[in-house]
Number of protein chains: 2
Amino acid sequence: MRDAHHPHTRDLSLVEVLSALGDPVRLGLVRLLADGRERGWGQLSAPVAKSTLSHHLRVLRDAGITRTRQEGTRCYVALRRADLDARFPGLLAPVLESAEAHDAGAGVHLRESGPL
Amino acid sequence: MRDAHHPHTRDLSLVEVLSALGDPVRLGLVRLLADGRERGWGQLSAPVAKSTLSHHLRVLRDAGITRTRQEGTRCYVALRRADLDARFPGLLAPVLESAEAHDAGAGVHLRESGPL
DNA sequence: TTCGATGTTTGACGAACATCGAACAAGCTA
DNA sequence: TAGCTTGTTCGATGTTCGTCAAACATCGAA
């Protein structure tokens with residue numbers, strides 16, 4: 001819960017990023033974060049157990065797609081859009097647009113009344 | 001070898017496409033086809049056995065990323081760029097550019113003197 | 001300090017995947 | 001017909017992945 005390791009921008013791997021995005025739950029999570037706002041863990045609702053959700057958030061974090069910040073006992077997740085754009089220019093936008101257009105990653109949504 | 005099934009453009013799944021691209025060998029193959037030219041199977045050289053290469057080409061084909069054409073006993077592979085652009089506008093270009101920029105999918109290259 | 005809330009980690013499981021060599025099938029060519 | 005070339009398919013194997021429940025760790029509050 002403590003050592004949230006985030007890879008440096010220069011170390012982001014394209015294959016790893018694409019692979020991380022190639023899962024419905026994770027793509028749905030990224031879609032939720034697309035507006036750039038930071039979200040509380042508790043706001044994230046996916047059709048999987050919380051341990052599985054934790055796993056997916058870890059995969060996204062390890063791939064450098066999201067950044068996790070801890071505050072007290074709560075966690076906040078945000079998209080590393082600037083870093084991704086710097087390393088893979090133009091990649092994120094069409095992914096998000098296509099995901100939105102085809103409603104990919106459905107089943108993942110914001111929970112009513114969550115922290116932050 | 002005969003029934004090369006290609007999904008219709010309208011059925012292409014973003015998750016499936018991203019997942020298919022999230023492998024070094026497959027991304028390397030896509031990079032080779034980036035110039036739009038059709039390539040003969042025999043031209044493709046990857047650091048895997050031919051049965052494995054056949055498998056990867058099948059994954060790409062099933063995801064709708066490539067099109068395979070058979071002519072006699074030979075096969076030719078090409079990128080379905082127009083279809084991908086139609087279904088996922090703007091997605092392919094930055095993927096190819098980033099792959100090129102970071103030399104992703106290395107190990108896959110064109111073989112000297114192959115069919116076509 | 002005890003309790004409750006919040007995520008993470010662990011252990012386990014089946015499914016999917018990447019990989020290989022060998023056998024196979026299809027189509028030229030001799 | 002027999003043989004060669006070209007890919008595909010078939011087991012087999014070891015790995016990774018997605019998933020869950022349960023145990024654990026951390027922090028704030030009572």
Side-chain angles (χ1 to χ4, degrees), chain A residues 1-6 13 15-30 38-63 65-78 105 107-108 111 113-116, chain B residues 1-6 13 15-29 38-63 66-78 105 107-108 111 113-116:
Chain A
M1 200 157 172
R2 48 242 64 90
D3 58 343
H5 170 255
H6 295 88
S13 147
V15 166
E16 199 175 345
V17 165
L18 293 173
S19 179
L21 294 175
D23 174 277
V25 172
R26 292 195 291 262
L27 188 56
L29 289 169
V30 170
E38 188 178 56
R39 299 292 182 179
W41 215 100
Q43 279 188 292
L44 309 174
S45 170
V48 292
K50 70 172 183 172
S51 55
T52 304
L53 181 56
S54 182
H55 162 69
H56 284 306
L57 287 171
R58 176 201 240 281
V59 172
L60 288 174
R61 195 183 62 216
D62 287 351
I65 297 174
T66 60
R67 185 178 301 283
T68 296
R69 179 176 66 87
Q70 188 171 2
E71 190 172 307
T73 158
R74 300 237 174 108
C75 284
Y76 299 90
V77 191
V108 179
R111 192 190 302 285
S113 76
L116 182 55
Chain B
M1 199 155 172
R2 48 241 63 91
D3 57 344
H5 170 254
H6 295 89
S13 147
V15 166
E16 199 174 344
V17 166
L18 293 174
S19 179
L21 294 175
D23 174 277
V25 173
R26 291 194 293 261
L27 188 56
L29 289 169
E38 187 178 57
R39 297 292 182 181
W41 215 101
Q43 278 188 293
L44 310 175
S45 169
V48 293
K50 68 172 185 172
S51 55
T52 303
L53 181 57
S54 181
H55 161 69
H56 284 306
L57 287 171
R58 176 199 239 283
V59 171
L60 288 174
R61 195 183 63 215
D62 287 350
T66 60
R67 186 178 303 281
T68 295
R69 180 176 66 87
Q70 188 171 1
E71 188 172 309
T73 158
R74 300 232 175 113
C75 283
Y76 299 90
V77 190
V108 179
R111 193 190 302 283
S113 77
L116 182 57

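So you know, we letter chains A, B, ... as the sequences are listed, proteins then strands, and number each from 1. Any value given below was found using the heavy atoms of this structure, including those in side chains, with hydrogens, waters and symmetry copies removed.
- Atom CG in B/Leu29 sits roughly 14 Å away from atom P in D/dG7 (whole-Å rounding).
- In this structure, B/Asp62 atom CG and C/dC17 atom C1' are separated by 14 Å, rounded to whole Å.
- Among A/Val108, A/Val77, A/Asp23, A/Val59, the one residue that satisfies the side-chain contact (heavy atoms from CB on, under 4.5 Å) test with A/Leu29 is A/Val108.
- With A/Arg26 as reference, A/Leu60 is the one residue of A/Ile65, A/Thr66, A/Leu60 to meet the side-chain contact (heavy atoms from CB on, under 4.5 Å) rule.
- Distance A/Glu71 CD to D/dT26 C1': 15 Å, rounded to the nearest Å.
- In the set C/dA18, D/dC20, C/dT8, the nucleotide with an atom closest to the side chain of A/Val48 is D/dC20.
- A pairwise comparison of heavy atoms in B/Arg61 and B/His5 identifies NE-O, 3.7 Å as the closest pair.
- Nearest approach of A/Pro47 to A/Gly107, heavy atoms of both residues: CD-O, 3.1 Å.
- In terms of phosphate contacts, A/Arg74 brings no side-chain nitrogen or oxygen within less than 4.0 Å of OP1 or OP2 of D/dT26.
- One distance of note links NE2 of A/His56 with OG of A/Ser51; it measures 9.5 Å at 0.5 Å rounding.
- For A/Ser51, taking side-chain heavy atoms from C-beta onward, the closest of the listed nucleotides D/dT19, C/dG7, D/dA22 is D/dA22.
- Considering all non-hydrogen atoms of both residues, B/Leu44 and B/Arg111 come closest at O-NH2, 3.4 Å.
- In this structure, B/Leu18 places its CG atom 16 Å from P of D/dC17, rounding to the nearest Å.
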Between the protein and nucleotides 11-15 of chain C, list the N/O to N/O atom pairs that are separated by less than 3.5 angstrom.
none

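- In this structure, the side chain of B/Glu16 does not engage the main chain of B/Leu18 through any donor-acceptor pair within 3.5 Å.
- Atom-to-atom distance recorded for B/Asp62:CG and B/His55:NE2 is 9.5 Å, nearest 0.5 angstrom.
- Atoms CD and CD, from A/Glu71 and A/Glu38 in turn, are 8.0 Å apart once rounded to the nearest 0.5 Å.
- In this structure, A/Gln70 places its CD atom 9 Å from P of C/dG7, rounding to the nearest Å.
- Contact between A/Pro24 and B/Val15 at its shortest, heavy atoms only, is CD-CG1, 3.8 Å.
- Atom-to-atom, CZ of B/Arg111 to C1' of D/dT6 comes out at 12 Å; the value is rounded to the nearest Å.
- Interface remark: the B/Thr73 side chain does not form any donor-acceptor pair with the C/dA26 base, using a distance-only criterion of under 3.5 Å.
- Contact check of residues 52-60 of chain B against DNA chain C (heavy atom, cut-off under 4.0 Å) returns B/Thr52, B/His55, B/His56.
- A/Trp41 is not listed as a side-chain neighbour of A/Thr68, based on a closest heavy-atom distance of 4.5 Å or more.
- Within the helix from C/dT1-D/dA30 to C/dA30-D/dT1, the inter-axis angle between the opening and closing five-pair segments is 10°, rounded to 10°.
- Put simply, B/Trp41 has no side-chain N or O that comes within less than 4.0 Å of OP1 or OP2 on D/dT5.
- B/Thr52 places none of its side-chain heavy atoms less than 4.5 Å from the side chain of B/Val25.
- Comparing A/Lys50 and A/Ser19 along DNA chain D, the residue whose closest nucleotide (by nearest heavy atom) sits nearer the 5' end is A/Ser19.
- When rounded to the nearest whole Å, the span between CD of B/Gln43 and P of D/dG7 equals 10 Å.
- Between the CZ atom of A/Arg69 and the P atom of D/dC27 there is a distance of 15 Å, given to the nearest Å.
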